Amino acid sequence: MAQQEGVLPRFMPYGLTAFEGGPLTQREVYLVALGAATALRSPTCLQAHSASALEAGASREEVVQATLIAGVVSGTAPLHVAREALSTD
């Protein structure tokens, strides 16, 4: 990526448009993103999307349920990643 300096800046606006507008509330958008981050086993995205979901009005219980649903749908392995990424200890 370092050799393709112009790629990421051109991609990000496209990627971010999926988070804007549309019928879903910002809370719902970030809960969906959190579920995807769980299924993809991405600790960095889990932390970012859980924080965004909480800032958008989601409860801690909704954040946990979104990760549980994603784990059930994608298999239970992602739940271990989510537990570690969202651990408050």
Side-chain angles (χ1 to χ4, degrees):
M1 281 253 219
Q3 297 171 347
Q4 302 294 324
E5 294 177 14
V7 173
L8 190 57
R10 286 192 303 260
F11 171 77
M12 289 308 293
Y14 164 75
L16 293 175
T17 60
F19 287 78
E20 299 168 357
L24 298 178
T25 66
Q26 283 296 288
R27 183 183 126 277
E28 293 166 334
V29 165
Y30 286 113
L31 289 171
V32 169
L34 177 60
T38 300
L40 294 172
R41 303 176 190 177
S42 175
T44 303
C45 291
L46 269 157
Q47 292 169 342
H49 294 312
S50 65
S52 294
L54 291 167
E55 288 174 18
S59 68
R60 180 86 176 145
E61 292 79 13
E62 288 173 317
V63 166
V64 170
Q65 185 176 12
T67 63
L68 291 173
I69 291 168
V72 169
V73 170
S74 66
T76 58
L79 294 176
H80 300 289
V81 175
R83 184 187 66 201
E84 291 298 318
L86 300 176
S87 176
T88 57
D89 298 331

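Below, all heavy atoms of this structure are taken into account, side chains as well, without hydrogens, waters or symmetry copies. Count residues from 1 along the sequence. What you see is a predicted model; the values in this text were computed from it and never measured.
Contact between Val81 and Ser42 at its shortest, heavy atoms only, is CG1-N, 4.4 Å. Contact between Ala58 and Val63 at its shortest, heavy atoms only, is CB-CG2, 4.4 Å.
The structure places CD of Glu61 at 11.5 Å from CG of Leu68, a figure rounded to the nearest 0.5 Å.
Pairs of residues two or more places apart, or lying in two chains, that qualify as ring-ring contact (aromatic ring centres under 6.0 Å, His included) and include a residue from residues 38-82 are Phe19-His49.
Annotation: side chain of Val64 is not in contact with side chain of Leu86 (no heavy-atom distance under 4.5 Å).
Checking side-chain atoms of Glu62 against main-chain N and O of Ser59 turns up a donor-acceptor pair under 3.5 Å.
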Per-pair distances, 0.1 Å, donor-acceptor, side chain in residues 28-40, under 3.5 Å, sequence neighbours excluded:
| unit_1 | atom_1 | unit_2 | atom_2 | d |
| --- | --- | --- | --- | --- |
| Glu28 | OE1 | Thr25 | N | 2.8 |
| Glu28 | OE1 | Thr25 | OG1 | 3.3 |
| Thr38 | OG1 | Leu34 | O | 2.9 |

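Within a 6.0 Å sphere centred on CD of Gln26, other residues, nucleotides and ligands contribute more than 12 heavy atoms.
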